[in-house]
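Below, each value reflects all heavy atoms present in this structure, side chains not excepted, and no hydrogens, waters or symmetry copies.
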Amino acid sequence: MSLPEPRPTKPRKAKAPRRSAPPVYPFSAIVGQDDMKLALLLTVLDSHIGGVVVMGHRGTAKSTAVRALADLLPSKVRVKGCPFNCDPDRVRDLCRECRQRLGKGKRLARETFAVPVVDLPLGATEDRVCGSLDIEQALNRGAKVFLPGLLARAHQGFLYIDEVNLLEDFLVDLLLDAAASGRNQVEREGLSVSHAARFVLVGSGNPEEGELRPQLLDRFGLFVEVKTLDDLDERIEIVRRRQSFEQDPDGFCARAELLQEELRRKLKSALSRLSRVGVDAGLLRGMAELCLRLEVAGHRGELTLYRASRALAAWRGTDAVGPEDIRRVAVMSLRHRLQKDPLEPLESAARIEQALDRVFPLKPEDAQAAGG
């Protein structure tokens, strides 16, 4: 589907300049990959889902989607000059320096900043990720000064790990712990530092280069498998849009702005609605039964399914989760939690679909619509 062209006959008020420099490829212009885009949106709506891992072919817009979504989100607020991106409205999460300034009666100056997307390189060390002693300050002044790491930079934004399956297991474990707790605690070289680290963790990789350990994979909220699109028209549209963006980024983004603004309004509405979304007791029982049938170990399966279905209901604009919400998010919530049986002929997604048909069967009219 082509992007809408500008309408010169109906002039619009000039908008504020884009925050991105250079412009970021618009989220609304990404062709296909609906599961990946939905999973990212759900983790933004409810951070307790626990991040998402996207596995699949190279060149399928994985990193593009993360940056595009961050660019779509409204600017964040932080304490001006704070290296930990402290939110001045969350007093309990303030770093030591900001708390001390507040305790002395000083006002915390504010500033807005674009939602950060921090890339974690494969060769990163624990000190680079968590932070460490500033050696230059220690040598020159003899002072123990903490040098913030990538977790501090990612606070209030995204932490993106490309080729997460090649990252050292202890680092993945460390990142998942920080993402789950929302804090980073550092104890080394006589330093004791704790700061907020609330971010959406996104990992991507190619399974042909190695798989993530099941124990670590289970701790990600959602799992999405992406494949190269096999529809001829969609492949042509990808080339057309990318070429158009590279030739005139500002013009391309201007043509996509109506769709972008629609997404922003929908996100804002969903965020305000989420707390009101309810889950019927029967549907909750069905979620537990689904995980029981699939022999999902632990209870992260039910929790993720519950949170993801509520986020989807809010995204759809309703105050109640329906069976269709559960069916839509079940595969991405559970497929990476299934125990692999070499004698089982069905793939994980097919097994989940089969179990869904028993626990949440489609109504006749829904089945007819799906078949058509």
Within the 4.5 Å heavy-atom criterion, are [X] and [Y] side-chain neighbours or not?
{"X": "M287", "Y": "Y306", "answer": "yes"}
{"X": "R183", "Y": "D93", "answer": "yes"}
{"X": "M55", "Y": "N165", "answer": "yes"}
{"X": "C291", "Y": "T304", "answer": "no"}
{"X": "V224", "Y": "L38", "answer": "no"}
{"X": "L151", "Y": "L175", "answer": "yes"}
{"X": "I236", "Y": "L232", "answer": "yes"}
{"X": "R128", "Y": "L120", "answer": "no"}

Should we count [atom1] of [X] as having more than 12 external heavy atoms under 6.0 Å?
{"X": "E262", "atom1": "CD", "value": "no"}
{"X": "D230", "atom1": "CG", "value": "no"}
{"X": "R58", "atom1": "CZ", "value": "no"}
{"X": "Q185", "atom1": "CD", "value": "yes"}
{"X": "E295", "atom1": "CD", "value": "no"}

I need the [X] [atom1] to [Y] [atom2] distance, nearest 0.5 Å.
{"X": "I238", "Y": "D233", "atom1": "CD1", "atom2": "CG", "answer": "11.5 Å"}
{"X": "L69", "Y": "S28", "atom1": "CG", "atom2": "OG", "answer": "11.5 Å"}
{"X": "F252", "Y": "E246", "atom1": "CZ", "atom2": "CD", "answer": "10.0 Å"}
{"X": "L45", "Y": "K266", "atom1": "CG", "atom2": "NZ", "answer": "10.0 Å"}
{"X": "D119", "Y": "S63", "atom1": "CG", "atom2": "OG", "answer": "8.0 Å"}
{"X": "L290", "Y": "L305", "atom1": "CG", "atom2": "CG", "answer": "6.5 Å"}

Would you find a donor on one side and an acceptor on the other, under 3.5 Å apart, between the side chain of [X] and the backbone of [Y]?
{"X": "Q156", "Y": "V77", "result": "yes"}
{"X": "R310", "Y": "L274", "result": "yes"}
{"X": "R327", "Y": "F360", "result": "yes"}
{"X": "K37", "Y": "I30", "result": "yes"}
{"X": "Q33", "Y": "K227", "result": "yes"}
{"X": "D357", "Y": "Q354", "result": "no"}
{"X": "S272", "Y": "S269", "result": "yes"}
{"X": "N184", "Y": "H195", "result": "no"}
{"X": "R307", "Y": "I49", "result": "no"}

Give me the atom names and distance for the closest heavy-atom approach of [X] to [Y].
{"X": "N85", "Y": "A152", "result": "ND2-O, 3.6 Å"}
{"X": "D35", "Y": "M332", "result": "O-CE, 3.9 Å"}
{"X": "D162", "Y": "S204", "result": "OD1-OG, 3.0 Å"}
{"X": "V79", "Y": "R101", "result": "CG1-NH1, 3.9 Å"}
{"X": "L356", "Y": "A330", "result": "CD1-CB, 3.7 Å"}
{"X": "V321", "Y": "S309", "result": "CG2-O, 3.6 Å"}

Same apolar cluster (I L V M F W Y, side chains within < 4.5 Å links), [X]/[Y]:
{"X": "V331", "Y": "L303", "value": "no"}
{"X": "V54", "Y": "L229", "value": "no"}
{"X": "V329", "Y": "L292", "value": "no"}
{"X": "L150", "Y": "F170", "value": "yes"}
{"X": "L201", "Y": "L174", "value": "yes"}

If you look only at pairs with a residue in residues 201-224, which of them pass as a ring-ring contact (aromatic ring centres under 6.0 Å, His included), with sequence neighbours excluded?
->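 Every pair satisfying ring-ring contact (aromatic ring centres under 6.0 Å, His included) with a residue in residues 201-224: F223-H336.
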Answer yes or no: is there an ion pair linking R264 with E257, defined by an N-O contact shorter than 4.0 Å?
-> yes
Presence of salt bridge, D34 and R328, under 4.0 angstrom =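 Judged by the 4.0 Å cut-off on N to carboxylate O distance, R328 and D34 do not form a salt bridge.
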I352/L338 under side chain to side chain contact (heavy atoms under 4.5 Å, CB included): CA gap, chis, key distance, verdict = CA-CA 9 Å; I352 295 170; L338 301 189; 3.9 Å; yes
Side chain to side chain contact (heavy atoms under 4.5 Å, CB included) between L222 and V53: does it pass, once the steps are laid out?
-> CA-CA 6 Å; L222 303 176; V53 59; over 6 Å; no
Before giving the answer on side chain to side chain contact (heavy atoms under 4.5 Å, CB included), spell out for R219 and D173 the whole-Å C-alpha distance, their side-chain angles and the decisive distance to 0.1 Å.
-> CA-CA 9 Å; R219 296 185 58 191; D173 215 2; 2.5 Å; yes
Between F27 and L259, is a side chain to side chain contact (heavy atoms under 4.5 Å, CB included) present by the stated rule, with each step listed?
-> CA-CA 9 Å; F27 191 81; L259 294 176; over 6 Å; no
